[in-house]
Amino acid sequence: MTHTLTTPPTAATALAPREQEALRHIAAGRTYLQTARHMGLSKHTVDAYLRRIRAKLNVNSTAEMTRIAIALGL
């Protein structure tokens, strides 16, 4: 199944600053645990951020989140 990448300009603004930061780390290839350590958070908090990001961006996978992060310049 092929998805067309559409990223409305409001996609980045829909994310809170800490959600954007978490997304940047994940898109850079860091694990949830590495992201949590870098941000000074628990792994569970990072997981919660990423669940909210998926819901806000209407995506189902880390790969889709990463593609959107790249498209948004995060």
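What you see below is based on every heavy atom in this structure, not just the backbone, and it leaves out hydrogens, waters and symmetry mates.
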Quiz item: How close do Ala14 and Lys56 get, heavy atom to heavy atom, and via which atoms?
Solution: O-NZ, 3.1 Å
Exercise. Would you name the heavy atoms of Thr66 and Ile26 that are closest together and state the gap between them?
Key: OG1-O, 4.4 Å
Quiz item: Nearest 0.5 Å, what's the CG-CG distance between Leu41 and Leu33?
Solution: 11.5 Å
Self-check item: From NE2 (His38) to CZ (Arg30), nearest 0.5 Å
Solution: 5.5 Å
Quiz item: Between Met65 and Ile53, what is the shortest heavy-atom contact and its length?
Solution: SD-CG2, 3.7 Å
Exercise. Indicate yes or no for a side-chain donor-acceptor contact from Arg18 to the backbone of Tyr49 under 3.5 Å, with no hydrogens or angles considered.
Key: no
Quiz item: Considering only heavy atoms from C-beta outward, does the side chain of Thr62 approach that of Arg54 to under 4.5 Å?
Solution: yes
Quiz item: What pair of heavy atoms forms the shortest contact from Leu23 to Ala69, and how long is it?
Solution: CG-CB, 3.8 Å
Quiz item: Looking at CD of Glu21 and OG1 of Thr35, how far apart are the two atoms once the value is rounded to the nearest 0.5 Å?
Solution: 9.0 Å
Practice problem: Mind checking the CD1-CG spacing from Ile68 to Leu15? Nearest 0.5 Å is all I need. | Solution: 9.0 Å
Exercise. Please round to the nearest 0.5 Å and tell me the distance separating atom CZ of Arg37 and atom NE2 of His25.
Key: 14.0 Å
Exercise. Would you mind checking if Asp47 and Arg51 are paired as a salt bridge, meaning a charged N to carboxylate O distance below 4.0 Å?
Key: yes
